[in-house]
Number of protein chains: 4
Amino acid sequence: MNPKREKIFNAAVKKFSEKGTTGTTMKEISQEAGVGKGTLYRYFEDKEDLVSSLMSYGFERLTEVIKREIEGIESATDKIKKVVEVQLEFYKKHCDFCRFLTREFWGYKNKFEENIKEIRSDYTVVIEGIIEEGIEENEFKAKDPEVAAVSLIGMVNLTALHWFMFKGEVAVDKIREEVIDIFLSGMLN
Amino acid sequence: MNPKREKIFNAAVKKFSEKGTTGTTMKEISQEAGVGKGTLYRYFEDKEDLVSSLMSYGFERLTEVIKREIEGIESATDKIKKVVEVQLEFYKKHCDFCRFLTREFWGYKNKFEENIKEIRSDYTVVIEGIIEEGIEENEFKAKDPEVAAVSLIGMVNLTALHWFMFKGEVAVDKIREEVIDIFLSGMLN
Amino acid sequence: MNPKREKIFNAAVKKFSEKGTTGTTMKEISQEAGVGKGTLYRYFEDKEDLVSSLMSYGFERLTEVIKREIEGIESATDKIKKVVEVQLEFYKKHCDFCRFLTREFWGYKNKFEENIKEIRSDYTVVIEGIIEEGIEENEFKAKDPEVAAVSLIGMVNLTALHWFMFKGEVAVDKIREEVIDIFLSGMLN
Amino acid sequence: MNPKREKIFNAAVKKFSEKGTTGTTMKEISQEAGVGKGTLYRYFEDKEDLVSSLMSYGFERLTEVIKREIEGIESATDKIKKVVEVQLEFYKKHCDFCRFLTREFWGYKNKFEENIKEIRSDYTVVIEGIIEEGIEENEFKAKDPEVAAVSLIGMVNLTALHWFMFKGEVAVDKIREEVIDIFLSGMLN
DNA sequence: TATGAATGAGAATTCATTCAT
DNA sequence: AATGAATGAATTCTCATTCAT
């Protein structure tokens with residue numbers, strides 16, 4: 001990627017996470033990025049485009065990493081374990097981005113809405129695929145793979161964010177163990 | 001509650017859900033509520049206060065309903081089942097409010113931050129309590145009740161919102177069954 | 001007319017005449033008018049609306065005055081004399097407005113274009129009517145009343161503006177005599 | 001003239017006529033001209049200089065053509081006829097330029113103001129000269145040659161522009177006949 | 001000599017908030 | 001108590017101009 005575009009992305013993530021997209025001004029982003037205000041508009045149509053490009057970019061990176069990491073893993077159970085781990089690591093590393101994402105994803109009508117939905121769908125579908133596979137192989141017993149996939153994402157997403165917001169850091173190991181255990185074996189003794 | 005305050009709350013929820021808090025103007029809220037713009041400032045200090053009051057109010061209602069509904073239920077397992085059901089019904093009924101909540105909760109510095117954190121904590125703590133109870137009673141096996149509680153909230157929250165956003169309505173029955181099953185018994189066959 | 005709207009109109013004419021519509025900022029107008037910047041937007045949709053409203057308003061006033069003044073005059077010749085006199089007086093009195101008009105009328109596409117064309121047409125048509133009348137009464141000999149009408153307007157318009165720009169004031173008496181003489185009797189000896 | 005300078009002139013006239021000088025960006029001109037944006041600044045000090053150079057250039061061409069065409073013509077009457085014809089042809093051929101001129105000429109303070117006034121004066125003076133000549137030769141009867149000259153220019157200028165704007169084309173023949181007739185013989189029967 | 005990426009002053013416009021009625 | 005006209009700080013975005021390549 002163009003290095004200046006990347007500089008802008010990094011500055012935007014930081015600011016958006018701290019103050020929200022609407023609470024952040026283009027001027028602040030340009031200052032954080034160390035470029036002129038006008039330069040933002042050379043790389044992005046407008047603020048909306050910057051926000052949605054950033055969201056797409058992040059989702060794509062996350063989906064990419066997950067796809068790459070589960071490659072070669074055989075059982076659906078092991079794949080799920082890896083997915084949880086990779087996601088938590090991603091959240092820990094890019095917690096600014098993840099806060100931004102959680103906040104802005106459930107967004108309101110904007111010109112890029114469809115585009116975003118598609119990207120997010122990609123990400124959900126990967127996890128859904130693993131669950132379907134597990135069902136076929138008789139490893140898993142879920143009736144509705146979509147509910148199961150979104151549930152898993154929800155568990156990881158909210159616990160990670162909860163830790164980040166209330167304790168200051170994502171406790172990857174602790175969360176991973178517990179989440180995997182609950183998701184795979186349930187709470188019942 | 002003061003009926004005019006309630007009118008304003010209802011108008012605000014509707015608009016905030018449609019267009020976000022920053023995308024909604026005080027004028028729009030006043031028109032939706034059928035009162036003068038100045039009147040809003042009689043009932044709320046400023047916009048920030050309106051947003052955070054609304055958030056507290058909603059969390060309190062949800063916590064209240066949950067507390068009331070699990071009263072008298074004996075086993076932790078049944079309590080969890082009820083919690084999931086009540087939450088999904090609440091999401092279905094007040095999906096505007098829930099979208100607003102998810103978006104605005106992971107909020108950014110504002111004068112009411114501490115207040116909000118406390119309220120949200122109340123809500124988490126109720127569920128954490130049920131889980132702790134279940135552990136004590138040897139019904140549950142979780143190592144970390146907090147992770148477990150937030151995981152459950154995350155599952156319900158995200159599946160409900162996912163259905164609302166991508167399918168237009170929250171499929172309470174389907175989600176409830178699957179989520180309860182996963183949370184209690186896990187995915188493994 | 002609303003007194004605040006009028007204050008804004010007067011301020012806008014003055015500034016537009018001095019610096020052109022695009023050379024004048026909304027801030028300057030608001031300062032000249034002694035109102036807040038936001039107030040301009042209570043009375044006009046946007047800058048374009050302010051410009052075109054002003055143009056319509058001026059054309060309407062001019063057309064109105066002309067219509068009123070020629071009422072009761074019998075011969076077309078006398079009517080033409082009155083038209084030239086009234087126009088020159090108007091130009092002298094509102095030379096700011098006239099400079100603005102001449103400059104901005106031959107404008108470029110904008111949302112109010114059709115509206116403006118209609119208003120200007122009204123004004124041209126009045127003069128065309130007098131000429132047609134004169135032809136019917138055998139007073140005048142023009143073959144094309146439209147060319148004749150626009151010619152007269154052009155003579156008055158440009159001489160008045162020329163005097164204003166190059167000599168600082170519109171010499172009403174001198175211009176009136178000569179223009180009427182040329183238009184009615186021609187240059188030939 | 002330098003061919004690149006001419007390319008820029010042509011591009012600028014086209015754009016200025018379509019969208020006004022302030023509505024046209026330097027980038028648009030450079031693209032229309034097929035040169036880099038920076039190149040414009042090699043041939044013109046700044047935008048103001050481009051506008052005023054263009055205006056001077058056009059006035060000079062028009063004055064030049066008129067001077068050349070009336071050379072050798074004897075009577076003032078015939079010279080006036082030729083002047084009207086030449087002007088109308090020029091307007092028809094360069095209507096973009098003429099619209100630009102009418103709009104921008106009644107210009108506002110800028111660093112090249114004096115220069116422009118002089119050029120325009122040149123043009124007026126040629127026609128004034130013809131009229132003075134006619135008076136001396138007893139062909140014409142005007143009392144004030146300046147009013148007469150500006151009147152003629154006004155007639156031609158506004159009728160041509162009126163036709164261009166409201167009918168899409170300058171009807172040279174029709175306008176010429178009528179304007180010459182009015183100017184020389186007047187309207188009276 | 002020619003280019004176009006980068007800049008930042010400045011423009012139009014919005015909107016939370018105030019306050020006279 | 002209720003209203004909505006008025007305000008101006010703040011925001012997004014544009015574009016003339018510069019300058020390194």
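Treat the numbers as computed from the prediction; the structure is a model and nothing was measured. Below, chain A is the first sequence line, B the second, and so on; all start at residue 1. Keep in mind that the numbers below use all heavy atoms, side chains included, and drop hydrogens, waters and symmetry copies.
Here the C1' atom of nucleotide dT13(E) and the CG atom of Asp49(C) are 14 Å apart, to the nearest Å. Regarding Ile8(C), its CD1 atom lies at a distance of 13 Å from the P atom of dA5(F), rounded to whole Å.
Contacts of Thr22(D) with the nucleic acid, taken as non-hydrogen atoms under 4.0 Å apart, are absent. Among the atoms of the strands shown, base atoms are found under 4.0 Å from some heavy atom of Lys37(D). Using a 4.0 Å heavy-atom criterion, one finds that Thr39(A) contacts the bases of the nucleic acid, with or without backbone contacts as well.
Out of dC15(F), dT3(F), dT17(F), the shortest distance to the side chain of Asp46(D) is found at dT17(F).
Within the 4.0 Å cut-off from OP1 or OP2 of dA2(E), at least one side-chain nitrogen or oxygen of Lys4(D) is found. Contact check, Tyr43(C) against dA6(F): a side-chain N or O comes under 4.0 Å of OP1 or OP2.
Mapping Arg42(B) and Lys27(A) onto DNA chain F by nearest heavy atom places Arg42(B) closer to the 5' end of the strand. For Tyr41(C) and Lys47(B), each mapped to the nucleotide of DNA chain E holding its nearest heavy atom, the one lying further toward the 5' end belongs to Tyr41(C). Of the residues near DNA chain E, Met26(B) and Leu40(A), the one whose nearest nucleotide (by heavy atom distance) lies more toward the 5' end is Leu40(A).
You'll find the side chain of Tyr43(A) stays beyond 4.5 Å of the side chain of Lys7(A), heavy atoms only.
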Audit row: Asp122(A), Glu118(A), side-chain contact (heavy atoms from CB on, under 4.5 Å) steps and yes/no:
CA-CA 6 Å; Asp122(A) 253 26; Glu118(A) 222 167 275; 5.9 Å; no
Stepwise, does the side-chain contact (heavy atoms from CB on, under 4.5 Å) test hold for Arg42(A) with Lys4(A)?
CA-CA 10 Å; Arg42(A) 178 166 285 286; Lys4(A) 198 156 279 184; over 6 Å; no
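The partner of dA20(E) is dT3(F), by the rule that a Watson-Crick or G-U pair needs both atom distances under 3.5 Å. Base pairing annotation: dT11(F) forms a Watson-Crick or G-U wobble pair with dA12(E), both donor-acceptor distances under 3.5 Å.
Taking the six-membered ring where the residue is Trp, Phe105(A) and Phe59(A) present perpendicular rings, their angle passing 60° and hence far from 30°.
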